[in-house]
Amino acid sequence: MKSNFFDDVVDLVKLIPYGRVTTYGAIAKYLGASKSSRTVGWVLSSQSIKHNLPAHRVVNRLGVLSGKNHFPNLLYMQQKLEEEGLIITEDKVLNFEKFFWDPNKELTL
DNA sequence: CGGGTGACTCAAA
DNA sequence: TTTTGAGCCACCC
């Protein structure tokens with residue numbers, strides 16, 4: 001254990017506010033490793049269920065539900081987001097920029 | 001120990 | 001403009 005990156009990702013994802021989405025890159029950057037966005041995705045696939053993380057609020061930088069294939073079913077991610085007021089078209093978040101939650105900016109410390 | 005993989009991203013050709 | 005290649009971090013074989 002002790003993998004800070006690992007734990008930090010889990011912790012940060014839990015902080016994503018309702019009706020908002022963020023990106024792997026934003027999370028990675030917030031943790032100081034802007035280029036390890038892949039690891040972020042790996043953390044989700046590995047711990048999202050255990051920690052019950054709102055992984056559906058994490059998409060790639062284009063607002064695409066790139067990880068939907070890893071959910072219980074292919075519509076889970078989209079349904080969850082729509083349930084929170086977001087609109088998904090072609091596996092992409094409509095007005096993604098408006099709903100984008102950047103920990104680096106909004107999670108000001 | 002070495003090599004491969006992944007829910008990504010950026011830069012170069 | 002589209003397509004490649006490389007980087008980065010952690011896990012698995």
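Both backbone and side-chain heavy atoms feed into the values below; hydrogens, waters and symmetry mates do not. Each chain gets a letter, A, B and so on, in the order the sequences are listed, and its residues count up from 1.
Distance NZ (A:Lys50) to P (C:dC11): 11 Å, rounded to an integer number of Å. If you take CG of A:Asn60 and P of B:dT9, they are 5 Å apart, rounded to a whole angstrom. Atoms CD1 (A:Ile27) and P (B:dC8) sit 12 Å apart, rounded to a whole Å. In this entry the distance linking OH of A:Tyr24 with P of B:dC10 reads 14 Å, nearest Å. Put simply, CG on A:Leu31 is 11 Å from P on C:dA10, counting in whole angstrom units. Separating the CG atom of A:Leu62 from the P atom of B:dC10 is a distance of 9 Å, rounded to the nearest angstrom. A:Leu44 has its CG atom 11 Å from the P atom of B:dA7, to the nearest Å. Here B:dC8 presents its C1' atom at 15 Å from CH2 of A:Trp42, a figure rounded to the nearest Å.
Put simply, the side chain of A:Thr22 gets close to the backbone of A:Trp101: a donor and an acceptor are under 3.5 Å apart. Within the 3.5 Å criterion, the main-chain N or O of A:Lys98 finds no donor-acceptor partner in the side chain of A:Asn95. Under the 3.5 Å distance criterion, the side-chain polar atoms of A:Thr23 are matched with a main-chain donor or acceptor of A:Ala26.
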Item to complete: Would you check, one step at a time, whether the test side chain to side chain donor-acceptor pair (under 3.5 Å) holds for A:Gln78 with A:Glu82?
Response: CA-CA 6 Å; A:Gln78 177 173 338; A:Glu82 293 183 327; 3.3 Å; yes
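For C:dG5 and B:dT5, the P atoms lie 15 Å apart once the distance is rounded to whole Å.
A 4.5 Å side-chain heavy-atom check between A:Pro103 and A:Leu15 finds every atom pair outside the cut-off.
Base contact: A:Ala55 has a heavy atom under 4.0 Å from a base atom. If you check every strand for non-hydrogen atoms under 4.0 Å, A:Ser46 touches nothing.
Not a single donor-acceptor pair, N or O on each side, falls under 3.5 Å between the base of C:dC9 and the side chain of A:Ser36.
Checking C:dC8, B:dA7, C:dA10 against every side-chain atom of A:Met77, the shortest atom distance belongs to B:dA7.
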Review item, nucleotides 11-13 of chain B N/O atoms under 3.5 Å of protein N/O:
none

Please list every donor-acceptor pair under 3.5 Å in which a side-chain atom of residues 53-67 of chain A meets a protein atom from a residue at least two apart or in another chain.
{"from": "A:His56", "atom 1": "NE2", "to": "A:Glu84", "atom 2": "OE2", "distance (Å)": "3.1"}
{"from": "A:Arg57", "atom 1": "NE", "to": "A:Glu84", "atom 2": "OE1", "distance (Å)": "2.9"}
{"from": "A:Arg57", "atom 1": "NE", "to": "A:Glu84", "atom 2": "OE2", "distance (Å)": "3.2"}
{"from": "A:Arg57", "atom 1": "NH1", "to": "A:Ile16", "atom 2": "O", "distance (Å)": "2.8"}
{"from": "A:Arg57", "atom 1": "NH2", "to": "A:Glu84", "atom 2": "OE2", "distance (Å)": "2.8"}
{"from": "A:Asn60", "atom 1": "OD1", "to": "A:Leu62", "atom 2": "N", "distance (Å)": "3.0"}
{"from": "A:Asn60", "atom 1": "OD1", "to": "A:Gly63", "atom 2": "N", "distance (Å)": "3.1"}
{"from": "A:Asn60", "atom 1": "OD1", "to": "A:Val64", "atom 2": "N", "distance (Å)": "2.8"}

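Remark: aromatic rings of A:Phe6 and A:Trp42 are close, center separation under 6.0 Å.
Of the side-chain N and O atoms in A:Ser66, one or more sit less than 4.0 angstrom from OP1 or OP2 of B:dC8.
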